[in-house]
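Worksheet for the structure shown next.
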Amino acid sequence: MHDLDDRKIKILHAIIQNYLETGEPVGSRTISKYTDLNLSSATIRNEMSDLEELGYIVQPHTSAGRIPSDLGYRFYVDNLMAQKDKEVTEIKELMIERTEKMEQVLKQVVKLLANNTNYATMITAPAYHRNKVKFIQLSQVDDEQILAVIVTEGNIVKNKMIPVNEALDNETMLKLNILLNTSLNGLSLEEINLATIARLKEQAGIHSNLVSDVLDAVAASVQEDEDLQIYTSGTTNIFKYPELSDSQKASELLTAFEEKQQLVSLVNQTLANEEETGIQVYIGNESPVATMKDCSVVTATYELGEGIQGTIGIIGPKRMDYENVVNNLKTLKVQLDNIFKKPKGD
């Protein structure tokens with residue numbers, strides 16, 4: 001494919017994408033509006049003539065419009081898949097790097113918070129909420145299996161092997177990839193309604209069962225509730241306060257921190273108050289956790305964008321130094337944003 005320069009490649013891509021969207025032959029005037037080349041219609045016509053001579057586009061009838069040839073589709077598919085493979089690989093590497101960095105930072109943060117406040121502290125790793133589909137790629141593994149790579153908000157990559165009854169040719173795979181991406185990109189699970197599913201299956205024709213399996217994989221990827229990572233520190237600080245150091249109360253609190261299931265309830269309650277993504281204070285019986293009814297619990301939700309949220313919590317006596325706790329949480333929220341938010345242009 002060495003005979004195509006960057007300008008021809010951009011024009012070819014614009015022709016194919018426009019034709020895929022409209023099903024109508026594409027003229028030079030249309031391309032001049034769709035590309036960032038800032039070329040005149042005459043220049044684009046010359047490039048289109050070259051592309052036609054090279055066999056990448058054809059003129060179906062005497063109108064000025066062109067449509068992609070099989071060779072054009074092949075070039076588009078090979079480039080598209082290579083580009084998306086690279087994108088998916090980069091996303092995986094980025095997430096692994098950030099996850100390792102994140103775990104290290106969160107462990108340090110929760111320890112520092114316990115030292116600064118003299119209370120028990122907890123922090124969750126960021127979880128992904130209100131997930132939307134960003135990209136789907138189907139690839140033939142062998143005659144009996146297709147790999148579905150599903151990228152959701154927060155650049156979370158999920159892989160799902162889907163069994164098939166027959167090998168699918170490249171053109172079919174391309175059409176299915178285009179169909180799924182144009183129909184599902186940017187949608188949350190709630191927005192993928194029955195009408196969307198019915199339309200997709202109808203357009204997929206004889207491959208409607210495969211589309212159904214992919215939709216199930218998408219639902220599982222978006223819904224998947226992986227084990228919530230919770231880091232704690234300073235649990236023995238509760239013994240410093242007489243009203244909490246009673247053997248039964250202290251034992252219940254320590255159990256809550258060790259088993260963490262009750263902390264998950266606290267996190268879920270905090271995240272459920274979506275209108276209060278700032279700092280929340282639970283005093284005594286207001287706490288979502290029964291074993292903390294003699295405590296005050298202060299929580300904050302930090303947000304890293306794209307639906308990525310985590311929870312910070314400080315548990316201490318009702319007579320805690322609220323001003324110090326709130327100041328620490330506010331400072332921490334800013335620090336976490338600075339550490340983990342994706343820089344602009346990254």
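Since the model is a prediction, treat every value here as computed from it, not as a measurement. Just so it is clear, the values below take in all heavy atoms, side chains as well, and ignore hydrogens, waters and symmetry mates.
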Heavy-atom side-chain contact between I57 and L71 under 4.5 Å: no

message: Suppose the criterion is salt bridge (Lys or Arg N to Asp or Glu O under 4.0 Å): which pairs have a residue in residues 317-326, not counting sequence neighbours?
response: E243-R319

message: Suppose we screen for side-chain contact (heavy atoms from CB on, under 4.5 Å). Which residues come up paired with T236, at least two apart in sequence or across chains?
response: F239

field: Any donor-acceptor N or O pair under 3.5 Å, side chains N327, K330
entry: no

task: Begin from the C-alpha positions of I136 and V149 and carry the test side-chain contact (heavy atoms from CB on, under 4.5 Å) through to its verdict.
output: CA-CA 6 Å; I136 298 171; V149 178; over 6 Å; no

Enumerate, atom names and distances included, each donor-acceptor pair closer than 3.5 Å involving a side-chain atom of residues 106-114, sequence neighbours excluded.
residue : atom : partner : partner atom : Å
K107    : NZ   : E103    : OE2          : 3.3

field: Reported CD1-to-CG distance for the pair I11 and D6, which is rounded to 0.5 angstrom
entry: 11.0 Å

message: Before you tell me yes or no, could you show the steps for M161 and L147 under side-chain contact (heavy atoms from CB on, under 4.5 Å), namely the whole-Å CA-CA distance, both residues' side-chain angles and the distance that decides it to 0.1 Å?
response: CA-CA 5 Å; M161 298 299 293; L147 172 65; 3.6 Å; yes

- prompt: Are the side chains of Y73 and Y19 in touch, meaning some heavy atoms are under 4.5 Å apart?
  reply: yes

task: Give the minimum heavy-atom separation between T232 and M122, together with the two atoms involved.
output: CG2-CB, 4.1 Å

task: May I ask you to check whether over 12 heavy atoms, not counting those of E171, lie within 6.0 Å of atom CD?
output: no

field: Distance in Å, Q140 CD paired with T172 OG1, rounded so as to fall on 0.5 Å steps
entry: 9.5 Å

query: CG of D169: more than 12 outside heavy atoms within 6.0 angstrom?
result: yes

task: Could I get the full list of side-chain contact (heavy atoms from CB on, under 4.5 Å) partners for E144, not counting sequence neighbours?
output: D142

message: Please report the interatomic distance OG1(T301) to CD1(I279), rounded to the nearest 0.5 Å.
response: 10.0 Å

query: In chain order, what residues pass the side-chain hydrogen bond (donor to acceptor under 3.5 Å, both in side chains) check against T291, with sequence neighbours excluded?
result: Q262

statement: Note: A204 and L176 closest approach over all heavy atoms is CB-CD2, 4.4 Å

- request: Examine distances only and state if a side-chain atom of S245 and a backbone atom of P242 form a donor-acceptor pair shorter than 3.5 Å.
  value: yes

task: Apply salt bridge (charged side-chain N to carboxylate O under 4.0 Å, His left out) to E52 and list each qualifying residue two or more places apart in sequence or on a separate chain.
output: R66

query: Hey, are the side chains of I230 and I123 touching, using non-hydrogen atoms and a 4.5 Å cut-off?
result: no

query: Closest heavy-atom contact between L244 and C295?
result: CD2-SG, 3.8 Å

- prompt: Would you say the side chain of M320 lies within less than 4.5 Å of the side chain of Y119, judging by non-hydrogen atoms?
  reply: yes

- prompt: By salt bridge (charged side-chain N to carboxylate O under 4.0 Å, His left out), which residues pair with R7, not counting sequence neighbours?
  reply: E47

- prompt: Are any side-chain N or O atoms of S212 and backbone N or O atoms of S208, one a donor and one an acceptor, separated by less than 3.5 Å?
  reply: no

query: Within the distance-only criterion (no hydrogens, no angle test), does the side chain of S183 pair as donor or acceptor with the backbone N or O of L180 below 3.5 angstrom?
result: no

Shortest non-hydrogen separation from L263 to A256 and the atoms involved: CG-O, 3.8 Å

- line: By salt bridge (charged side-chain N to carboxylate O under 4.0 Å, His left out), E24 pairs with (sequence neighbours left out) none

message: Check the orientation of H13 and F75. Use parallel for under 30°, tilted for 30 to 60°, and perpendicular for over 60°.
response: perpendicular

- prompt: Looking only at atom types and distance, does a side-chain atom of T311 sit under 3.5 Å from a main-chain N or O of T124, one as donor and one as acceptor?
  reply: no

statement: CD1 of I44 to CG of L51, rounded to nearest 0.5 Å, is 11.0 Å

message: With heavy-atom distances below 4.5 Å as the criterion, would you say the side chains of N170 and R74 are in contact?
response: yes

- prompt: With distance as the sole criterion, is a donor-acceptor pair present between the side chains of Q280 and Y282 under 3.5 Å?
  reply: yes

task: Say whether, by atom type as modelled, one donor and one acceptor occur between the side chain of Q17 and the main chain of A14 under 3.5 angstrom.
output: no

- prompt: What heavy-atom pair brings N177 and L138 nearest, and what distance separates the two atoms?
  reply: OD1-N, 2.7 Å

- prompt: Hey, does I238 have a side-chain heavy atom less than 4.5 Å from the side chain of L254?
  reply: yes

field: Side-chain donor-acceptor contact under 3.5 Å, N118 with K240
entry: yes

task: Begin from the C-alpha positions of V141 and I146 and carry the test side-chain contact (heavy atoms from CB on, under 4.5 Å) through to its verdict.
output: CA-CA 5 Å; V141 177; I146 283 176; 5.9 Å; no

message: According to side-chain hydrogen bond (donor to acceptor under 3.5 Å, both in side chains), who are the partners of S296, at least two apart in sequence or on a separate chain?
response: Y322

task: List for me each residue that meets side-chain contact (heavy atoms from CB on, under 4.5 Å) alongside K249, sequence neighbours excluded, and say none if there are none.
output: D246, D294

task: Can you sort out the partners of S40 under side-chain contact (heavy atoms from CB on, under 4.5 Å), two or more places apart, ordered by chain and number?
output: A42, T43

query: Are any non-hydrogen side-chain atoms of L253 and T235 less than 4.5 angstrom apart?
result: no

field: Partners passing side-chain hydrogen bond (donor to acceptor under 3.5 Å, both in side chains) against N209 (at least two apart in sequence or in another chain)
entry: none

Residue pair V164 / Q145, side-chain heavy-atom distance below 4.5 Å: no

- prompt: If you take all heavy atoms of A120 and N237, which pair is closest and at what distance?
  reply: N-CB, 4.3 Å

query: When you check the side-chain N and O atoms of N46 and S49, is any donor under 3.5 Å from an acceptor?
result: no

query: Taking the side chain from S32 and the backbone from R29, do they hold a donor-acceptor pair closer than 3.5 Å?
result: yes

message: Any side-chain to backbone donor/acceptor pair from T121 onto S233? Under 3.5 Å, distance only.
response: yes

- prompt: How many angstroms lie between atom CE of M292 and atom OG of S287, to the nearest 0.5 angstrom?
  reply: 6.0 Å

message: One pair to check against side-chain contact (heavy atoms from CB on, under 4.5 Å): F135 and N181. What are the steps and the verdict?
response: CA-CA 6 Å; F135 175 69; N181 281 289; 3.4 Å; yes

